[in-house]
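Beneath this line is the structure, given in C-alpha cells, with notes to follow.
Count residues from 1 along the sequence.
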Amino acid sequence: GGGLVNVARGAVVDRAALFSSVEQRELRGVAVDVFWREPFEGSLDDESGLQALLDLRAAGHNVVVTPHVAGTTEESIETMARVFAASVETHL
C-alpha cells in the first residue's frame, strides 16, 4: 500500500475512506497537518477527526499528526509583511 500526506485542507480527503483504508492496511501510513474542522481549536471532538487519528495511531497504525503552524514562524511573518508592502507600493 501507499501513503497519504495532507498539508492542504482536511476536507480534501474523504474522512471515512481514509480511516477505512488505514484500518484495512490498504495505506501503509498517513501524515496530516490539517483536520476536518479548521481552524483547529484544540478539541478532541469527532468533528476535527483528531481523536480518530490518535485512536488509529494507538492501535498500531502508522499515523503522524503535526500542528498546522507553518504560517506562524518569524520568517513567514516577515515574508508576508514584505510581500504586502510590495503589493501596496505597486498599487499606489
Side-chain angles (χ1 to χ4, degrees):
L4 175 86
V5 176
N6 185 7
V7 295
R9 292 285 179 252
V12 301
V13 174
D14 181 311
R15 184 173 162 174
L18 173 66
F19 293 157
S20 174
S21 295
V22 171
E23 289 169 342
Q24 300 297 319
R25 302 211 184 266
E26 295 167 347
L27 285 175
R28 295 188 70 170
V30 174
V32 297
D33 185 48
V34 292
F35 305 99
W36 286 269
R37 186 182 67 197
E38 296 281 349
F40 180 68
E41 298 171 349
S43 172
L44 293 180
D45 64 18
D46 191 48
E47 286 184 41
S48 70
L50 177 57
Q51 185 61 59
L53 290 166
L54 295 175
D55 290 347
L56 288 171
R57 181 173 170 75
H61 298 282
N62 293 325
V63 175
V64 176
V65 179
T66 60
H68 187 67
V69 295
T72 58
T73 65
E74 191 172 313
E75 293 84 3
S76 67
I77 292 170
E78 288 173 7
T79 299
M80 286 186 275
R82 280 195 305 275
V83 168
F84 175 76
S87 179
V88 169
E89 254 182 24
T90 299
H91 292 92
L92 286 179

Val30 versus Val32, closest heavy-atom pair with distance: CG1-CG1, 3.8 Å
State, yes or no, whether a side-chain contact exists between Leu27 and Phe19 at a heavy-atom distance under 4.5 Å. no
Minimum heavy-atom distance Phe35-Thr66, with the two atoms named: CZ-O, 4.4 Å
Side chains of Ile77 and Glu74 in contact at under 4.5 Å (non-hydrogen atoms): no
Measure the spacing between CD of Glu26 and CG of Leu4 and express it to the nearest 0.5 Å. 13.0 Å
Under a single-linkage definition using a 4.5 Å side-chain heavy-atom cutoff for Ile, Leu, Val, Met, Phe, Trp and Tyr, are Val34 and Leu18 assigned to the same hydrophobic cluster? no
More than 12 heavy atoms of other residues, nucleotides or ligands under 6.0 Å from CZ of Arg37: is that the case? yes
Going from CG on Leu53 to CD on Gln51, what distance comes out if it is rounded to the nearest 0.5 angstrom? 9.5 Å
Is a side-chain N or O of Ser87 found less than 3.5 angstrom from the main chain of Val83, in a donor-acceptor match? no
Looking at Arg15, I want to see if its CZ is surrounded by more than 12 non-hydrogen atoms of other residues, nucleotides or ligands under 6.0 Å. yes
Without swapping roles, check the side chain of Asp55 against the backbone of Ala58 for a donor-acceptor pair under 3.5 Å. no
Might you point out which heavy atoms bring Leu56 and Glu23 nearest each other, and give the distance in Å? CD2-CG, 3.5 Å
Can you tell which of Val65, Val7, Val64 makes a side chain to side chain contact (heavy atoms under 4.5 Å, CB included) with Asp33? Val7
Is the backbone N or O of Val13 less than 3.5 Å from a side-chain atom of Trp36, with the two atoms forming a donor-acceptor pair by type? yes
Mark yes when over 12 heavy atoms from residues, nucleotides or ligands other than Glu78 sit less than 6.0 Å from its CD; otherwise mark no. yes
Let me see the working for Ser76 and Thr79 under side chain to side chain donor-acceptor pair (under 3.5 Å), right down to the final yes or no. CA-CA 5 Å; Ser76 67; Thr79 299; over 6 Å; no
Between Asn62 and Arg28, the two heavy atoms sitting closest are ND2-O, 2.8 Å
